[in-house]
Amino acid sequence: MATPVRIIGLSGSLRRGSYNTALVRAMAELAGESVTVEPATLHGIPVYDGDLEEAEGIPEAVEALKERIAAADGLMIATPEYNNAVPGALKNGIDWLSRPPKDIGRVFRDRPVAITGATPGAFGTAHAQAAWLPVIRTLRMRPWFGGRLMISRAGDVFADEGTLTDDDQRKKLAEFVDGFATFIRGGDGS
Ligand code: FNR
């Protein structure tokens, strides 16, 4: 029996009908035995403002997400792509999660991380996924590069209510989560 693995699946979109949130939910559904993917979103996190931080400290929604990530075995980021780069809400969330700097070690350092993303466009969030690399390097995370999952033409593979209906993508998604879990357990997961 494989060691149980807990992954936080963070969607980078606040949108009710978000494809990236649907992607994280599909991961929770399709994760194999001994792997759990727990969906998380950025709701309730304000725009970063150093004055707000100084006056009121770290917002409750940020603290809660920090603790969930710190307690997990790995972080799966499902990123939208905006203007060929990272979306502001998700960058803002990660920036908040990196405060105060003394907590970066506990929350991020050496934590396995995988990046995926979904878009109605043709290029599967390839630019956004690459644009995250300097951030995860700065936070000293442990990226998994053994697999790639880029969902293009999302409207064709998700049903209106957000179920991943495309059999080929379901298989690829299950393999992606499985590969990341193997990496977390200490294998190379490729
Ligand atoms: C987009 N979108 C987009 N898509 C893409 O593949 N490449 C891009 O560069 C952009 N740029 C972009 C900029 C802005 C400001 C918006 C609002 C949107 C489309 C984007 O992929 C689409 O809105 C997705 O549905 C966003 O992800 P969620 O909300 O479905 O998870």
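For the single chain, residues carry numbers from 1 onward in sequence order. Owing to the predicted nature of the structure, the values given are computational and were not obtained by experimental measurement.
A cation-pi contact, defined as under 6.0 Å to the ring centre and within 45° of the axis, links Arg142 to Phe183.
No more than 12 heavy atoms of other residues, nucleotides or ligands shown are found within 6.0 angstrom of CZ on Arg109.
Residues satisfying the side-chain hydrogen bond (donor to acceptor under 3.5 Å, both in side chains) criterion with Gln129, sequence neighbours excluded, are Thr125. For Thr41, the side-chain hydrogen bond (donor to acceptor under 3.5 Å, both in side chains) criterion is met by His43, not counting sequence neighbours. Under the side chain to side chain contact (heavy atoms under 4.5 Å, CB included) criterion, Pro100 pairs with Ile58, Lys66, Lys102, Asp103, not counting sequence neighbours. Qualifying side chain to side chain contact (heavy atoms under 4.5 Å, CB included) partners for Ala114, counting only residues two or more places apart in sequence or in other chains: Met76, Trp144, Phe176, Phe180. Qualifying side-chain hydrogen bond (donor to acceptor under 3.5 Å, both in side chains) partners for Arg6, counting only residues two or more places apart in sequence or in other chains: Glu38. Here Arg68 pairs with nothing under the side-chain hydrogen bond (donor to acceptor under 3.5 Å, both in side chains) rule; sequence neighbours left out.
Every pair passing salt bridge (charged side-chain N to carboxylate O under 4.0 Å, His left out) that includes a residue from residues 158-186 is listed here, sequence neighbours excluded: Glu29-Arg170, Asp168-Lys172, Lys171-Glu175. Residues in residues 45-64 take part in these salt bridge (charged side-chain N to carboxylate O under 4.0 Å, His left out) pairs, two or more places apart or across chains: Glu53-Arg99. Sorted by first and then second residue, the side-chain hydrogen bond (donor to acceptor under 3.5 Å, both in side chains) pairs involving residues 84-97 (not counting sequence neighbours) are Glu81-Asn84, Lys91-Asp95. Note on residues 110-122: no pairs pass side-chain hydrogen bond (donor to acceptor under 3.5 Å, both in side chains), not counting sequence neighbours. Applying the ring pair (Phe, Tyr, Trp, His ring centres under 6.0 Å) test to pairs two or more places apart or on separate chains, none has a residue in residues 64-94.
Nearest heavy-atom pair, Ala61 versus Ile45, reported as atom, atom and distance to 0.1 Å: CB-CG1, 3.9 Å. Across Leu30 and Ala174, no two heavy atoms sit closer than the pair O-CB, 4.1 Å.
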With a 3.5 Å cut-off and sequence neighbours excluded, list the donor-acceptor pairs that the side chains of residues 145-156 form with protein atoms.
residue	atom	partner	partner atom	Å
Ser152	OG	Ala122	O	3.3
Ser152	OG	Gly124	N	3.2

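Rounding to the nearest 0.5 angstrom, the gap separating the OG1 atom in Thr21 from the CZ atom in Arg15 is 8.5 Å.
A donor-acceptor pair under 3.5 Å links the side-chain atoms of Asn20 to the main chain of Ala118, judged by distance alone.
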